[in-house]
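What follows is a set of notes on a single structure, which appears directly below.
This chain uses plain numbering: 1 for the first residue, then up along the sequence. In what follows, every heavy atom counts, from backbone to side chain, and hydrogens, waters and symmetry copies are set aside.
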Amino acid sequence: MGIWGDGSRRDLRRAAGPACMAYAFWAVMLGTTLATPLYPIYQRQLGFGSLVTTVVFAVYAAGVIFALLFGRSSDALGRRRVMLAGVAVSMIAAVVYLVAGDVPVLLAARVLSGLSAGVVTATGTVTLVELVRPERRGAAALLAAAVNMFGLGSGPLLAGVLAEYAPHPLELPFAVDLAVLALALVAVLVAPETIREPRVTWPRAQRPTVPAEVRPVFVPAAVAAFAAFAVFGLVTAVVPGILATVLHRPDRALTGAVVFAMFGASTAGQVLFAKVPERIALPAGCGVLVAGLAAIAGALLAESLPLLVVGTVVVGLGQSLGFRAGLAAITAGTPAAQRAQTVSSFFLTAYAGISLPVILVGVAAQAFGLRDAAVAFTAVVAALALAALAALLRLERHGTSAGAAESDRAPHHISR
């Protein structure tokens, strides 16, 4: 048996489990945004414009949404099996990127990348929550949200630096990605399984559902997430073209840094705003998003790089407020047997925000130019965020009134 008994090995795996799963989660999310600063190169080499760029970006969301429809798969198959599948699909996507010589192959790579994100986003979040003691689940949900955002930001930064300062800009980033993902496979194998009796069964698509007891939290959180991810879609899809054509700064490392600033601000916000109460964080996030959108619109009109950076940072902070609070409340309030499906429904709503709206920007750019289309988009999404803010405030007011009425009827009830 050696110096390590079975119990010691289990304890070691349990202790290392959160770090291992967090690394695998980060690695897959890194791969999903790796192509962001490379779009101008693809445009030149493959001969397409802004509309095709936004379509290439948006089909990623289609892959995510399709995968999220199978959100309960890990409840039966086990978390590790599904995480391993997500990492494997991400590796296949990297290989397809390496051989992408035309638009259809590039689209296929994006869809595969979206599939990997959809598989890992819900499963990775739930696994991190389940690998810790019940009293630490709020912190684990915070870690999952931060890992998600940091991974999304790491991809553009890594690819931008490699594409600007190293040879083979369309190949080297994905070769590095494959090495990162190979370590992720090992990390998942090291982590323990959290499902007691996983079984081999054919995954089935599930209609998105949310348990009745968590709907009062889910609805406002999903509205805020949709608005925030619509902004993320705008920045990730359009900023490379804006920097190159409007601000005349085609530096790919700069592109990666600007996009990273948004996701990095979101990651920092997950920690900085961790103790902000959910009923404050959700509407505040919408308000901060509107401020960030105003700064981005101003940057486009004034052709100001510093203002653009400020706007992306503010957007990231706004997203972190609502996203962190919503995800923590949903994972804490959902029964374990339905947790993966509910988290999948939450992310499905969020990722819907980065599909059709971004394509509409590409269509508008064909007619009015990229800058004017992006400015119009910021106005539309700001209106959406304001509508979400109004809905959240209305729900909060009604919830407070209902809670007061319930308290009157049951004066000895103590809420926690």
Side-chain angles (χ1 to χ4, degrees), residues 27-70 84-121 151-152 154-164 166-182 184-185 233 236-241 244 250 252 255-256 259 351 354-356 358-363 365-366 370:
V28 171
M29 301 315 293
L30 176 150
T32 64
T33 53
L34 207 58
T36 298
L38 309 179
Y39 289 143
I41 305 177
Y42 284 120
Q43 283 181 313
R44 287 197 308 272
Q45 293 197 4
L46 304 183
F48 58 81
S50 298
L51 175 58
V52 174
T53 298
T54 54
V55 171
V56 168
F57 175 82
V59 295
Y60 160 82
V64 174
I65 291 170
F66 179 81
L68 289 174
L69 293 176
F70 295 85
L84 286 170
V87 175
V89 172
S90 185
M91 296 180 80
I92 295 170
V95 172
V96 175
Y97 273 118
L98 283 169
V99 300
D102 54 36
V103 172
V105 177
L106 187 58
L107 289 170
R110 289 292 292 162
V111 171
L112 287 168
S113 187
L115 285 171
S116 70
V119 169
V120 167
T121 294
L152 291 170
S154 300
L157 184 62
L158 173 63
V161 171
L162 291 176
E164 187 66 27
H168 310 295
L170 295 183
E171 291 83 22
L172 184 58
F174 300 106
V176 172
D177 187 35
L178 283 171
V180 170
L181 290 167
L185 284 176
T236 308
V238 173
V239 157
R252 292 181 284 269
T255 298
V259 178
Y351 277 100
I354 64 173
S355 52
L356 182 60
V358 173
I359 294 177
L360 293 177
V361 172
V363 173
Q366 296 290 102
L370 186 57

- Item | Qualifying side chain to side chain donor-acceptor pair (under 3.5 Å) pairs, either residue in residues 51-63, two or more places apart |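 Residue pairs with at least one partner in residues 51-63: Gln43-Thr53.
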Would you compute the distance between atom [atom1] of [X] and atom [atom2] of [Y] and round it to the nearest 0.5 angstrom?
X      : Y      : atom1 : atom2 : answer
Arg252 : Thr255 : CZ    : OG1   : 9.0 Å
Asp177 : Leu30  : CG    : CG    : 6.0 Å
Leu370 : Leu51  : CG    : CG    : 11.5 Å
Phe57  : Thr236 : CZ    : OG1   : 4.5 Å
Tyr97  : Leu178 : OH    : CG    : 12.5 Å
Asp102 : Leu107 : CG    : CG    : 9.0 Å

For the residue pair [X] and [Y], what are the closest heavy atoms and their distance?
X      : Y      : value
Pro37  : Gly160 : CG-N, 3.5 Å
Val56  : Val59  : O-CG2, 3.2 Å
Val239 : Val259 : CG1-CG2, 4.4 Å
Leu172 : Ala166 : CD2-CB, 3.5 Å
Ala117 : Val28  : N-CG1, 4.3 Å
Ala67  : Val119 : CB-N, 3.7 Å

- Have a look at Phe174 and tell me which of Val96, Val95, Leu38 forms a side-chain contact (heavy atoms from CB on, under 4.5 Å) with it. Leu38
[Y] backbone acceptor or donor facing [X] side chain under 3.5 Å:
X      : Y      : value
Glu171 : Leu98  : no
Thr32  : Met29  : yes
Thr33  : Leu152 : yes

Got [X] and [Y] here, is their nearest side-chain heavy-atom distance under 4.5 Å?
X      : Y      : answer
His168 : Leu162 : no
Leu34  : Pro156 : no
Val64  : Thr121 : no

- Query: Got more than 12 heavy atoms from elsewhere within 6.0 Å of CZ, Phe66?
  - Reply: no
